[in-house]
2 protein chains.
Amino acid sequence: MSNHNSLETLFHLVHALKQQMHKQIEALNLTVTPMHVRAITIIAEQTPCTASDVAKFLNRDKAQITRLLSALISENLILKAANEKDKRSQCLLLTEQGECLLKQVKEVEKNIFNKMSKDISEEKLAEFQQMTRLLTGNLME
Amino acid sequence: MSNHNSLETLFHLVHALKQQMHKQIEALNLTVTPMHVRAITIIAEQTPCTASDVAKFLNRDKAQITRLLSALISENLILKAANEKDKRSQCLLLTEQGECLLKQVKEVEKNIFNKMSKDISEEKLAEFQQMTRLLTGNLME
DNA sequence: TGATTTTAGTTGACTTTATCAATCAATATA
DNA sequence: TATATTGATTGATAAAGTCAACTAAAATCA
């Protein structure tokens, strides 16, 4: 496995993923972006969840997260509630509209996952994910 | 392997890759971007190579490729030569400066690859790449 | 052969993603 | 108590990306 080809192979896969996600989200006439989707999912799955949590999970700059969350608030998909533990931060919550969107998005992700993993065994997929995590861990040391 | 986690896992890996690449390119005081690097590598490895070839290889829009190549020409990293087979297109070639950059970039990629694959067998890596290609193929059908 | 369709490359306009720097206030640490 | 760190915001800017429209060359069709 030569180094250039392996890196390029991964870039290709993720690019294909993003294109597929874009296509299916668009087909549902949803106006959210991939990063919106990811943020909403994180907020739905972590409790409590602050901007800092999202930034850490995604390993992104605080500035980007602030803007991303601000957009989601504007779209009435999430809201901020005071964090009793820390006056500097706010807890993020999905609105009803956000919950509704999350359901649609989950469906999209399922479709994409099924398409991607067609004819591939659960075992192989589990191995693949394990390897992905290993590689990521190595890179982040 | 749940669908959301698997997609997220891949995004994390590629994000880590890009960050690592950025860090190492910056450390060499090179002013190129990741896409510059990828384009230069493609041009070096395909003969003949036209803008259309690059766009197809990367599965990107022609507009982006035109701009990318234009930037590389401005930086004197590549040049265009008439394509005798088709008056509409031009063959892309690396300049000496481009060749020099390519060598540095190859070193960066090798470092990243070695870091990423630390303690992982060649066999496992080959399997991983094979799987990556399968998944990409499924998505692009 | 001429008409029509497709393709290579360019430009315009706009969107999405992303980071560094600076700042202020709250919290943690020495 | 003084100092350092952290949460969030804003400014400024860069990189990556796409759709649309266009022109000219090439391919295809009748």
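Chain naming here is simple, since letters A, B, ... match the order of the sequence lines and numbering starts at 1 in each.
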Specify the separation, in whole Å, of atom [atom1] of [X] and atom [atom2] of [N].
| X | N | atom1 | atom2 | answer |
| --- | --- | --- | --- | --- |
| B/L68 | C/dG9 | CG | P | 13 Å |
| B/E75 | D/dA14 | CD | P | 13 Å |
| B/L69 | D/dA16 | CG | P | 13 Å |
| A/K18 | D/dT18 | NZ | P | 11 Å |
| B/M35 | D/dT18 | CE | P | 9 Å |
| B/Q64 | D/dA20 | CD | P | 17 Å |
| A/K62 | C/dA26 | NZ | C1' | 12 Å |
| A/H15 | C/dT16 | NE2 | C1' | 14 Å |

Item to check | Flag side-chain contact, heavy atom, 4.5 Å: A/E127 against B/M131 | outcome: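 No, their side chains stay 4.5 Å or more apart.
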Checklist entry - Would a 4.5 Å heavy-atom cut-off, applied to side chains only, mark A/L17 and B/L7 as touching? => result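 SC-SC contact between A/L17 and B/L7 confirmed.
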Within the structure shown, what part of the strands sits under 4.0 Å from [X] by heavy-atom distance: base, sugar-phosphate, or nothing?
| X | result |
| --- | --- |
| B/E26 | nothing |
| B/A51 | sugar-phosphate |
| B/T66 | base |
| A/K80 | sugar-phosphate |
| A/K87 | sugar-phosphate |
| B/S70 | nothing |

Which nucleotide in the set [options] lies at the smallest distance from any side-chain heavy atom of [X]?
| X | options | value |
| --- | --- | --- |
| A/A63 | C/dA8, C/dT19, D/dA8 | C/dT19 |
| A/Q90 | C/dA8, D/dG7, D/dA8 | D/dA8 |
| A/P34 | C/dT16, C/dT19, D/dA8 | C/dT16 |

Checklist entry - Has the side chain of B/R67 got a donor or acceptor atom sitting under 3.5 Å from an opposite partner on the base of D/dG17? => result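 Absent.
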Checklist entry - Is the base of C/dA8 touched by the side chain of B/R88 through a donor-acceptor pair closer than 3.5 angstrom? => result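 Looking at the base of C/dA8, it does not pair with any donor or acceptor on the side chain of B/R88 (distance under 3.5 Å).
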Item to check | side chain to side chain donor-acceptor pair (under 3.5 Å) between B/T95 and B/N76, worked out | outcome: CA-CA 7 Å; B/T95 60; B/N76 195 37; 4.7 Å; no
Item to check | A/K106 with A/E45: basic N within carboxylate O range, under 4.0 Å | outcome: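 Yes, A/K106 and A/E45 are salt-bridged.
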Next on the checklist: Taking the nucleotide of DNA chain D with the nearest heavy atom to each, does A/H22 or A/D61 sit closer to the 5' end?
Outcome noted: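 Residue closer to the 5' terminus by nearest nucleotide: A/D61.
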Checklist entry - Taking the nucleotide of DNA chain D with the closest heavy atom to each, which residue, B/R60 or A/K56, is nearer the 5' end? => result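 Taking each residue's closest nucleotide, the earlier one in sequence belongs to A/K56.
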Ignoring backbone atoms, test whether [X] places a side-chain nitrogen or oxygen under 4.0 Å from the OP1 or OP2 oxygen of [N].
| X | N | result |
| --- | --- | --- |
| B/T50 | C/dA8 | no |
| B/S89 | D/dA25 | no |
| A/Q19 | D/dT18 | yes |

Checklist entry - Between A/K85 and B/C91, which is nearer to the 5' end of DNA chain C once each is assigned its nearest nucleotide? => result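 So the residue in question is B/C91.
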Checklist entry - With a 3.5 Å cut-off and no angle check, do the side chains of B/N59 and A/Q19 form a donor-acceptor pair? => result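 Note: B/N59 and A/Q19 side chains meet the donor-acceptor criterion.
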Item to check | Same apolar cluster (I L V M F W Y, side chains within < 4.5 Å links), A/M140/A/V14 | outcome: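 They do not share one cluster, since no chain of ILVMFWY contacts under 4.5 Å joins A/M140 to A/V14.
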